[in-house]
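Right, one structure below, let's go through it.
Everything quoted here is computed from the prediction, not taken from an experiment.
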Amino acid sequence: MARDIYADLGVRRVINAATTLTALGGTVLGDGVAEAMVAASKSCVSIDELQAGASTRLAELTRNEDAYVTSGCAAAITLSVLACITQGQPELIAKLPYDESLARNVVIHRAHRIPYDRAIELGGGHLVEVGNVIQTFAWELESAIDERTVAVFWVAGSHLPQTTLSLEETMAIAHAHGVPVIVDAAAQLPPLENLWRFTRECGADVALFSGGKALRGPQASGLMVGTSSTLNAVRANASPLQRLARAMKVGKEEICGLVAAVERYVALDHAALEATWERTVEVWRTSLGEVNGVEAKRLATNEAGQPVVRLELTIDPVAANVTASDVIERLWAGNPRVAALAGAGNRLCVTPDTLSPGEDVIVLTRLLDALSSESGSMNKETTDVA
């Protein structure tokens with residue numbers, strides 16, 4: 001019998017019906033990814049040669065000029081900023097982190113301020129905001145760009161306030177001043193086309209994706225795609241070189257695992273996969289909509305604005321005799337745990353895209369039980385049926 005490492009460590013497994021949260025380990029590895037990582041672990045290799053080979057393959061798969069594997073998308077942000085500040089020049093790299101004579105300003109729309117933009121500061125960037133959450137004008141971006149500007153940081157996602165300049169407008173202004181544009185697209189898969197849309201079609205210098213979300217690659221991996229000039233400057237700052245980003249080391253296992261993940265993702269029948277998600281959400285909606293005090297609604301996008309269907313439950317605490325928080329706690333109290341995503345008010349969401357085969361049935365069963373007034377506090381462990 002295979003070892004249950006989680007049981008050995010005294011922790012419960014989680015059925016992730018929430019989203020690809022890092023706090024939950026992202027999602028499960030896609031077919032072939034673990035095998036590639038194990039194969040990579042069996043011998044040593046030149047990391048420079050491996051990164052070069054992986055870059056060539058990933059650029060081909062994503063239809064980009066160049067690509068690079070990082071230890072996560074936040075690391076990709078930091079490396080992008082280091083690349084833009086230093087342009088890969090050793091004499092400039094040597095001046096970091098203390099020399100304030102270096103140009104370091106990174107312009108960002110105020111409506112694009114997200115918790116992960118601290119990774120810009122980690123790379124030595126100084127954030128310069130333009131606009132506000134209600135509107136941004138082209139002249140504001142124009143006036144923010146000066147001789148100390150090294151990049152414009154643009155965050156993709158329809159979940160963000162749509163009050164910023166478009167990527168195309170941002171690109172035109174930035175490039176007119178010779179300033180590169182970094183696109184944070186960490187969670188912007190699907191659609192598949194985003195792997196080349198931001199760069200080849202819109203003209204961004206580099207776009208950044210999480211390896212451990214929709215790609216179902218190693219959780220500690222990130223994918224950078226873009227121009228060779230930008231990514232060569234990234235390489236000049238990255239491990240295995242003993243420079244500022246050395247701590248963001250990516251291993252041979254993650255590099256090979258991400259290549260396998262991208263190969264798998266590009267080859268998927270995405271239409272069939274989306275149809276499976278639709279069927280799952282419809283089964284959930286039909287069954288849970290019959291529960292007293294529960295409104296079950298299909299949502300066309302997920303929390304990151306991706307075209308991934310999910311189910312939203314709005315609970316009337318009086319009619320249902322339970323709150324959304326109660327349901328979430330009851331799901332989490334079982335064994336295996338089930339993670340759902342809290343929403344505003346008495347709402348919660350569950351998603352099918354992070355589930356393994358058969359887990360959709362478990363999620364529905366556990367939700368029906370958690371919504372039952374007889375469910376109680378769910379302190380007792382349920383049978384591990386995953």
Side-chain angles (χ1 to χ4, degrees), residues 1-9 11 13-16 19-62 64 66-79 185-187 189-190 192 195 208-225 231 234-235 238-241 245-268 270 273 336 353-359 386:
M1 179 179 291
R3 177 185 179 186
D4 188 337
I5 185 65
Y6 293 134
D8 289 349
L9 296 173
V11 297
R13 289 183 293 114
V14 175
I15 295 176
N16 182 8
T19 187
T20 54
L21 294 170
T22 294
L24 295 176
T27 185
V28 297
L29 296 177
D31 293 341
V33 177
E35 291 82 354
M37 296 178 74
V38 170
S41 74
K42 298 298 184 181
S43 66
C44 292
V45 68
S46 163
I47 294 297
D48 286 334
E49 289 183 3
L50 180 58
Q51 279 280 27
S55 292
T56 299
R57 179 62 175 146
L58 290 168
E60 174 189 10
L61 289 165
T62 64
N64 279 277
D66 204 351
Y68 189 73
V69 182
T70 71
S71 57
C73 201
I77 294 173
T78 299
L79 280 163
L189 293 173
L192 169 67
L195 285 172
L208 320 175
F209 298 90
S210 172
K213 296 186 185 294
L215 289 174
R216 292 209 172 203
Q219 171 66 1
S221 70
L223 172 64
M224 305 178 75
V225 296
L231 292 178
V234 165
R235 293 179 178 98
S239 180
L241 296 175
R246 170 74 180 204
M248 300 172 186
K249 181 190 300 181
V250 59
K252 57 188 184 297
E253 296 82 8
E254 285 75 27
I255 295 170
C256 292
L258 185 63
V259 171
V262 175
E263 288 176 336
R264 168 193 170 274
Y265 189 75
V266 170
L268 281 175
H270 290 274
L273 186 60
D353 62 297
T354 49
L355 301 179
S356 296
E359 289 183 342

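Proximity of Tyr265 to His270: side-chain heavy atoms (C-beta onward) are separated by under 4.5 Å at one or more points. Counting only heavy atoms from C-beta outward, the side chains of Met248 and Thr70 never approach each other to under 4.5 Å. A 4.5 Å side-chain heavy-atom check between Val33 and Pro218 finds at least one atom pair inside the cut-off. Side-chain contact between Tyr6 and Asp8: absent, with no pair of heavy atoms (C-beta onward) separated by less than 4.5 Å.
Residue pairs satisfying the side-chain hydrogen bond (donor to acceptor under 3.5 Å, both in side chains) criterion with at least one member in residues 211-225, sequence neighbours excluded, are listed as follows: Thr22-Gln219.
Closest of all the heavy-atom pairs between Cys73 and Ala186 is SG-CB, 3.5 Å. Between Phe209 and Val225 the shortest heavy-atom distance is CE1-CG2, 3.9 Å.
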Exercise for review: Go through the steps to decide whether Met224 and Val234 satisfy the test side-chain contact (heavy atoms from CB on, under 4.5 Å), and finish with yes or no.
Suggested key: CA-CA 10 Å; Met224 305 178 75; Val234 165; 3.6 Å; yes
Practice item. Using the side-chain contact (heavy atoms from CB on, under 4.5 Å) rule, take Leu223 and Leu208 through it: C-alpha gap first, then chi angles, then the decisive distance, then the call. Key: CA-CA 6 Å; Leu223 172 64; Leu208 320 175; over 6 Å; no
Point to revise | CA sep, side-chain torsions, deciding dist, call: Leu268, Leu273, side-chain contact (heavy atoms from CB on, under 4.5 Å) | key: CA-CA 8 Å; Leu268 281 175; Leu273 186 60; 4.3 Å; yes
Review point. Yes or no on side-chain contact (heavy atoms from CB on, under 4.5 Å) for Asp66 and Tyr68, after CA distance, side-chain angles and deciding distance?
Key: CA-CA 7 Å; Asp66 204 351; Tyr68 189 73; 6.0 Å; no
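Note: Asn16 CG to Leu21 CG = 6.5 Å, rounded to the nearest 0.5 Å. Note that CG of Leu189 is 11.5 Å distant from CG of Asp353, once rounded to the nearest 0.5 Å. For the atom pair Ile47 CD1 and Leu241 CG, the distance stands at 12.0 Å (nearest 0.5 Å). Atoms CD1 and CG, on Ile15 and Leu24 in that order, are 12.0 Å from each other to the nearest 0.5 Å.
For the residue pair Ser46 and Asp48, no side-chain donor N or O sits within less than 3.5 Å of a side-chain acceptor on the partner.
For Asp31, the CG atom counts as loosely surrounded, since its 6.0 Å shell holds 12 or fewer non-hydrogen atoms of other residues, nucleotides or ligands.
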Report, one line per pair, each donor and acceptor closer than 3.5 Å where one atom sits in a side chain of residues 249-264; sequence neighbours left out.
{"from": "Glu254", "atom 1": "OE1", "to": "Gly251", "atom 2": "N", "distance (Å)": "3.2"}
{"from": "Glu263", "atom 1": "OE2", "to": "Arg57", "atom 2": "NE", "distance (Å)": "3.0"}
{"from": "Glu263", "atom 1": "OE2", "to": "Arg57", "atom 2": "NH2", "distance (Å)": "3.4"}

Please table the atom pairs, donor to acceptor, closer than 3.5 Å between any side-chain atom in residues 35-43 and protein atoms at least two apart or in another chain.
{"from": "Glu35", "atom 1": "OE1", "to": "Gly32", "atom 2": "N", "distance (Å)": "3.3"}
{"from": "Ser41", "atom 1": "OG", "to": "Val38", "atom 2": "O", "distance (Å)": "2.6"}

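For the pair Asn64 (side chain) and Ala67 (backbone), a donor-acceptor distance under 3.5 Å is absent. Under a 3.5 Å cut-off, the side chain of Arg246 and the backbone N or O of Pro240 do form a donor-acceptor pair.
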